[in-house]
Asks: 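There's a structure below that I have some questions on.
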Amino acid sequence: MTALKSAGERVGVYPGTFDPITRGHADIIRRGAKLVDRLIIGVTTNMSKNPLFTPDERIAMVEREVASLGIENVSVVGFNALLMKFAEKQGATVIVRGLRAVADFEYEYQMAGMNQQLNSNIETVFLMADVSLQPIASKLVKEIAMFGGDITKFVSPAVRDDVVDRIAATGLKGDY
């Protein structure tokens, strides 16, 4: 069963853990939303990434950030399933992926190939991160924050506050 969509409507899915959502993610959302009629941000669970926030907290954070972008054709949906099954259920014909570096490409290229084997009707589109945002990764943002560093350049003020509050509740790491 697929989500309701208008005839001829291009639906894209931009999946990720968004733990936390960064300025790089927001850039891909803005640009990806221009490529499709409707972009669904799929917030997924990946326990191997040691999430700082719960799935519900991440969904709320992404919804808040998307609302602040003022983009009308974007929605946020949580999922805990195989990406291609989720995309099919949403009626998607496109998977949007952001790339920061060659290392990202190698991994994403392999994933795109596997996804194509699962459903050849859904294309993967790669968007290169804006040059100024290429080094930003959620994992590094969390690490900087956990050691008391300033993450203001990498996330919105609201996300910075969320991360700082969570780190304060769990405690800083290392010598500072």
Asks: With a cut-off of 6.0 Å (strictly less than), are more than 12 heavy atoms of other residues, nucleotides or ligands near OH of Y109?
Replies: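 Counting neighbours around OH of Y109, 12 or fewer heavy atoms of other residues, nucleotides or ligands fall under 6.0 Å, so no.
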
Asks: Can you see which heavy atom on P20 is nearest to which on V141, and at what distance?
Replies: CG-CG1, 4.1 Å

Asks: Check whether any side-chain heavy atom of T45 sits under 4.5 Å from a side-chain heavy atom of R58, and report yes or no.
Replies: yes

Asks: What's the separation between atom OG in S156 and atom CD1 in I21, rounded to the nearest 0.5 Å?
Replies: 8.0 Å

Asks: Using side-chain heavy atoms (C-beta onward) and a distance below 4.5 Å, is P51 in contact with T17?
Replies: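 A side-chain contact under 4.5 Å is absent here.
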
Asks: Nearest 0.5 angstrom please: K139 NZ to T22 OG1, how far?
Replies: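 If I round to the nearest 0.5 Å, the distance is 15.0 Å.
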
Asks: State plainly whether one hydrophobic cluster holds both V125 and I29, where clusters connect Ile, Leu, Val, Met, Phe, Trp and Tyr through side-chain heavy atoms under 4.5 angstrom apart.
Replies: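 Yes.
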
Asks: Looking only at the side chains, is there a donor atom on one of T152 and D150 sitting less than 3.5 Å from an acceptor on the other?
Replies: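 There is such a pair between these side chains.
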
Asks: Run the side-chain contact (heavy atoms from CB on, under 4.5 Å) test on D130 and R30 for me, step by step, so that the C-alpha distance in whole Å, both residues' side-chain angles and the decisive distance to 0.1 Å come before the verdict.
Replies: CA-CA 12 Å; D130 181 278; R30 270 192 303 273; over 6 Å; no

Asks: Under the 3.5 angstrom rule, does the side chain of R160 hit a backbone N or O of I151 as a donor-acceptor pair?
Replies: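 No: the side chain of R160 does not pair with the backbone of I151.
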
Asks: Do any N or O atoms from the side chain of T44 and from the backbone of F79 form a donor-acceptor pair under 3.5 angstrom?
Replies: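 Yes, the answer is positive, given that a donor and an acceptor are paired below the 3.5 Å cut-off.
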
Asks: What do the steps show when you test K142 against I167 for side-chain contact (heavy atoms from CB on, under 4.5 Å), and what is the final call?
Replies: CA-CA 9 Å; K142 290 187 290 190; I167 298 298; 6.0 Å; no

Asks: L69 and V74: side-chain contact (heavy atoms from CB on, under 4.5 Å), yes or no, with the steps?
Replies: CA-CA 10 Å; L69 296 173; V74 177; over 6 Å; no

Asks: Would a hydrophobic clustering, with Ile, Leu, Val, Met, Phe, Trp and Tyr connected at side-chain separations under 4.5 Å, put F105 with V94?
Replies: no

Asks: I'd like to know if the side chain of R97 reaches the main chain of P15, judged simply by a donor and an acceptor atom lying under 3.5 Å from each other, with no hydrogens or angles considered.
Replies: yes

Asks: Specify the closest pair of heavy atoms between Q134 and A129, including all atoms of both residues, with the distance to one decimal.
Replies: NE2-O, 3.3 Å

Asks: I need the I59 CD1 to T54 OG1 distance, nearest 0.5 Å.
Replies: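 So the gap between those two atoms works out to 8.0 Å.
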
Asks: May I ask whether M61 and V164 are part of the same hydrophobic cluster, defined by side-chain heavy atoms of I, L, V, M, F, W, Y residues being less than 4.5 angstrom apart, directly or through others?
Replies: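 No, because M61 and V164 fall into different hydrophobic clusters, even though each may have its own neighbours under 4.5 Å.
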
Asks: Hey, mind stepping through I71 and L39 against side-chain contact (heavy atoms from CB on, under 4.5 Å) and telling me if it holds?
Replies: CA-CA 10 Å; I71 304 170; L39 182 63; over 6 Å; no

Asks: Does L140 reach the side chain of F154, with side-chain heavy atoms less than 4.5 Å apart?
Replies: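 With C-beta onward as the side chain, the pair stays apart.
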
Asks: At what distance, to the nearest 0.5 angstrom, does NE2 of H25 lie from OG of S138?
Replies: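 It is 4.0 Å, given to the nearest 0.5 Å.
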
Asks: Does N73 offer a backbone N or O that forms a donor-acceptor pair with the side chain of R38 under 3.5 Å?
Replies: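 No.
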
Asks: For A87 versus I95, what's the shortest heavy-atom pair and its separation?
Replies: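 Taking every non-hydrogen atom into account, CB-CD1, 3.7 Å.
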
Asks: Test of understanding: clusters of I, L, V, M, F, W, Y form through side-chain heavy atoms closer than 4.5 Å, transitively. Do V77 and L82 belong to the same one?
Replies: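 Looking at the clustering, L82 is in the same group as V77.
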
Asks: With clusters defined by side-chain heavy atoms of hydrophobic residues (ILVMFWY) lying less than 4.5 Å apart, directly or transitively, does F126 cluster with L133?
Replies: no

Asks: If you round to the nearest 0.5 Å, how far is CG of L83 from CG of L118?
Replies: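 Here the interatomic distance stands at 9.0 Å.
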
Asks: Atom CD1 in I136, atom CG in D27: separation rounded to 0.5 Å?
Replies: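 So the gap between those two atoms works out to 9.0 Å.
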
Asks: Would a 4.5 Å heavy-atom cut-off, applied to side chains only, mark L52 and M146 as touching?
Replies: yes

